[in-house]
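Structure first, then comments.
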Amino acid sequence: MEAQHQNTDQITITLPDGARRTYNAGVTGLEIAQSIAPSLAKAAIAVRVNDQQRDLSDPINEDSSLSIIKTDSDEGLEIMRHTVAAQILARAVKNLYPNAKLAIGPTIENGFYYDIEFKDPLSTDDLEKIEAEMRRIKETGASILKSLNTKADTLKAFEERAEPYKMDIVQRAEQNDNFQLYTQGGSIEEGGFIDLCRGPHLPSLKHVGAFKLLKVAGAYWRGDSSNQMLTRIYGTAWRTDKELENYLHQLEEAEKRDHRKLGAEMDLYHFQPEAQGSVFWHPKGFTIYNQMEAYIRRRLNNSGYREVKTPQLIDNKLWEASGHWGKYRENMFVVPDEIPSTDEDGPVVSDKAFEKLMALKPMNCPAHVQIFNQGIKSYRDLPIRMAEFGCCHRNEAHGALHGLMRVRQMTQDDAHIFCTESQITSESVAFCDLVKKVYADLGFNDVRVVLALRPEARAGSDEIWDKAENGLRQALIEAGLEFTEAEGEGAFYGPKIEYHIRDAIGRSWQCGTLQLDFVLPERLDASYIGEDGDRHRPVMLHRAILGSLERFIGIMIENTSGRLPLWLSPVQCVVATITGKADPYAGEVCNALKAAGIRAELDIRNEKINYKVREHSHAKVPVLFVVGAREAEEKTVAIRRLGSQDQNVESLEKAIESLANECKPPY
RNA sequence: GCUGCUGUAGCUCAGUGGUAGAGCGCGUCAUUGGUAAUGACGAGGUCGAGAGUUCAAUUCUCUCCAGCAGCACCA
């Protein structure tokens, strides 16, 4: 066996290319970089030692593998962002607002934020001032020094600086030593700026690129809504001005594809204060909705599901039995089951305690169990796959509402599978396959799968949870899906699989879900007769693919920038005339399109063709059939597709046949 | 729900302590045109709601409502 270099002066450093170099113990990353090349030392901002990010100034005491981090890598960029937040933004704020209290300042995708308590509210206008101070600090090119401190010294330093949040963090830490403080503009004792941080940080501000503060918002201390609300300042930082510009441009582009904006422009739906969080679907939007629903219905019908429809308004006795009254009541719309008073002066309903309450259903599951419970079920009946395009109401917090993405009335592509324990895996595998097909049909190929495991507050024994989690895990493996596991993220009644889809601009949406439930069948006393002649509890699988139709349509709109696939487009083809002489022929063309099942509209307005093309392009009509005197004469159409300047002249018959073919849904 | 910002014509927005303006859209008329804006004329607003200050409030103050950005929550 090879002897270890223990307590010797020499250590071996292995570089990424496999080269080994020997150094004195205690050598720093910076010294190693210098020994390789001075230019590398100049560009270096941190090191990765045995797969851990460390500061350049950290001494290395044992044999290690090491790579030099520069800002040209993703992790280098992230370190730079971290320094901009913790060293530049925080310092600028303290310079301008000495009474501000710093909390935490981590990096996030594409940027960073810092949570700070201010005495007076901060507005977006103040950001310019802070940004100017940040630039000034950056120009100093100050070195960032690091020190390791005891708990007592760290607390003292923050006490002197009146930083209660930092003190709170230190006090809660389990360790007693090695608190990393990064200082700038003077040592800790000299009263320089300090920040507590797990690091690493840039060695100096000379490595900082371009940055911009973006917005201010409130955020709770430690993410807990019972805590004080702090002011969160968001910013972004990049290597160069050019990169920053690109990113800001990207943000503008994302704004343009906002489904709320596009929905109004395309005349799909609207919202108004009298029905906050509920959609007024316009004819065009509802066409999309109906197409989407019909598509899922075909998929479900051919996957062994039977569709049902259950009541909207249900007595609270059932919600009490299901557990919703206890666990979910604050999200439910509750309605007294009482004839309203018609007294002109009196209240619309009496204010005495209501004898009977009903609630709009927030979920379909209890109602589905009621259908299951009708009659006696045998193991031979299982699995029963019960689907419903269930319209659910949830009393969402006002601040949570967001266009179609978060509404109070939604329709889920919901279904519940009642099965035996031994069927869990096969049912789950089948569902995973179905989900994959549907997402692919709808244009989402980047799907992330998460297995959410038992939360702390849960129903059911550990034995049941073991069984449930293993069942889902096994199903994911059999379905050949890559997945990650999330501890503590499961529902209180069972673990779940979450399907997250990534859209065209990189955002991730949780849509599909498969949840295993041992609790509800118990609470609502669902049972079947097993092979042995005894009663058994069925297992319930809650599952949805789109999640809510409303939200999924919002995602589709943003994913496609409103250029929906042909089969979902509200208007698939507009027949536009060049001259009034072609009007009768255009009418024939439009009728022929409709007869072929294509959603077509006629545009014979007294406008120039340029104008019509422009308008329909803006409206994102995928196909234009342009007809003038020539086309009328020859019984042809000039086809123009959205996003193309080309025109194709084809015979009417052929054009309709191929378009009808293209307009077919994917399934 | 919490923090901050915003609310003027159908839309996007300008503006003012003395009751309002642009562009687009809309309507009428003329124009019959060949693939991203033809021209002229015209109609549209209790300036989010309520209260207060003032001789006078769309403008200043307060309250409420709604929207937006986050947070918390979540499909």
Side-chain angles (χ1 to χ4, degrees), chain A residues 108 113 115 117-118 120-127 214-234 255 258 260-261 264-265 267 270-274 276-277 328 330-331 362-363 390 392 394-408 410-414 491 498-499 509-513 515 542 544-552 554-555 576-583 604-619 624-631 638-649:
Chain A
I108 49 175
Y113 65 78
D115 285 349
E117 184 195 312
F118 286 92
D120 298 311
L122 199 70
S123 84
T124 331
D125 300 335
D126 299 317
L127 291 185
L214 298 175
K215 54 196 172 191
V216 288
Y220 299 108
W221 168 233
R222 293 189 176 279
D224 183 338
S225 60
S226 58
N227 281 346
Q228 158 138 31
M229 181 156 277
L230 308 173
T231 301
R232 177 170 294 180
I233 301 176
Y234 283 92
E255 231 169 85
D258 188 312
R260 293 167 300 182
K261 197 176 155 68
E265 275 173 22
D267 191 19
H270 83 270
F271 293 88
Q272 65 186 52
E274 291 80 357
Q276 272 180 68
Y328 207 75
E330 59 184 30
N331 285 299
M363 297 180 192
C392 295
R394 295 182 186 177
N395 197 348
E396 301 286 355
H398 288 80
L401 301 175
H402 182 95
L404 294 177
M405 303 305 193
R406 193 75 180 271
V407 292
R408 286 179 152 178
M410 60 163 168
T411 307
Q412 296 177 304
D413 62 326
D414 197 16
E498 300 170 354
Y499 301 83
W509 302 94
Q510 199 219 120
C511 294
T513 180
Q515 309 182 4
H542 307 247
I545 302 175
L546 306 183
S548 95
L549 278 164
E550 287 80 2
R551 192 171 80 129
F552 204 91
I555 295 169
T577 50
I578 291 169
T579 156
K581 294 189 196 93
D583 287 356
I604 53 172
R605 289 175 303 169
N606 178 13
E607 294 293 348
K608 290 193 166 182
I609 191 61
N610 281 318
Y611 183 89
K612 295 183 183 179
V613 167
R614 180 169 196 273
E615 203 179 72
H616 295 123
S617 299
H618 279 307
L624 278 184
F625 279 7
V626 177
V627 297
R630 202 157 60 222
E631 286 77 11
I639 305 168
R640 180 179 168 132
R641 304 244 166 192
L642 183 61
S644 161
Q645 319 261 29
D646 299 343
Q647 307 149 40
N648 245 331
V649 180

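Letters A, B, ... are given to chains in the order of the sequence lines, protein chains preceding strands, and every chain is numbered from 1. All values derive from a computational prediction rather than experimental measurement.
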Phosphate-side-chain proximity, A:R640 and B:A36, N/O vs OP1/OP2 below 4.0 Å = yes

Let me see the working for A:F271 and A:L404 under side-chain contact (heavy atoms from CB on, under 4.5 Å), right down to the final yes or no.
-> CA-CA 9 Å; A:F271 293 88; A:L404 294 177; 4.0 Å; yes

Return no unless some side-chain N or O of A:H402 is found under 4.0 Å from OP1 or OP2 of B:A69.
-> yes

Phosphate oxygens OP1/OP2 of B:A66: is one of them under 4.0 Å from a side-chain N or O of A:Q272?
-> no

Does B:G34 pair with anything, Watson-Crick or G-U wobble, both distances under 3.5 Å, and if so, with which nucleotide?
-> none

Sort out the partner of B:A75 for me: Watson-Crick or G-U wobble, both distances under 3.5 Å, none otherwise.
-> none

Write down the partner of B:C13 under the Watson-Crick or G-U wobble criteria, each distance required to be under 3.5 Å.
-> B:G21

Report yes if at least one side-chain N or O of A:Y328 is closer than 4.0 Å to OP1 or OP2 of B:C73; otherwise report no.
-> no

Does a distance-only test, which skips hydrogens and angles, find a donor-acceptor pair under 3.5 Å between the side chain of A:R406 and the base of B:C73?
-> yes

Do A:E631 and B:G34 have a side chain to base donor-acceptor pair shorter than 3.5 Å?
-> yes

Write down the partner of B:A43 under the Watson-Crick or G-U wobble criteria, each distance required to be under 3.5 Å.
-> none

Please examine the side chains of A:L122 and A:I233, heavy atoms only from C-beta on, and report whether any two atoms are closer than 4.5 Å.
-> yes

Do A:R640 and A:V613 have side chains that get closer than 4.5 Å, going by heavy atoms?
-> yes

Re B:G7: Watson-Crick or G-U wobble partner, both distances kept under 3.5 Å, found to be B:C65

Using purine N1 to pyrimidine N3 plus N6-O4 or O6-N4 for Watson-Crick, or N1-O2 and O6-N3 for G-U wobble, each under 3.5 Å, what pairs with B:C2?
-> B:G70

Sort out the partner of B:C60 for me: Watson-Crick or G-U wobble, both distances under 3.5 Å, none otherwise.
-> B:G52

Hey, does the side chain of A:N610 come within less than 4.0 Å of B:A36's phosphate (OP1/OP2), counting only N and O?
-> yes

Within the modelled atom types, does a donor on one side and an acceptor on the other bring the side chain of A:E396 and the base of B:A75 under 3.5 Å apart?
-> yes

With nearest nucleotides of RNA chain B determined for A:P121 and A:Q647 from heavy-atom distances, which residue corresponds to the more 5′ nucleotide?
-> A:P121

Compare side-chain N and O positions of A:R260 against OP1 and OP2 of B:C68 and report whether any pair is under 4.0 Å apart.
-> yes

Any A:Q276 side-chain nitrogen or oxygen under 4.0 Å from OP1 or OP2 of B:G67 | yes

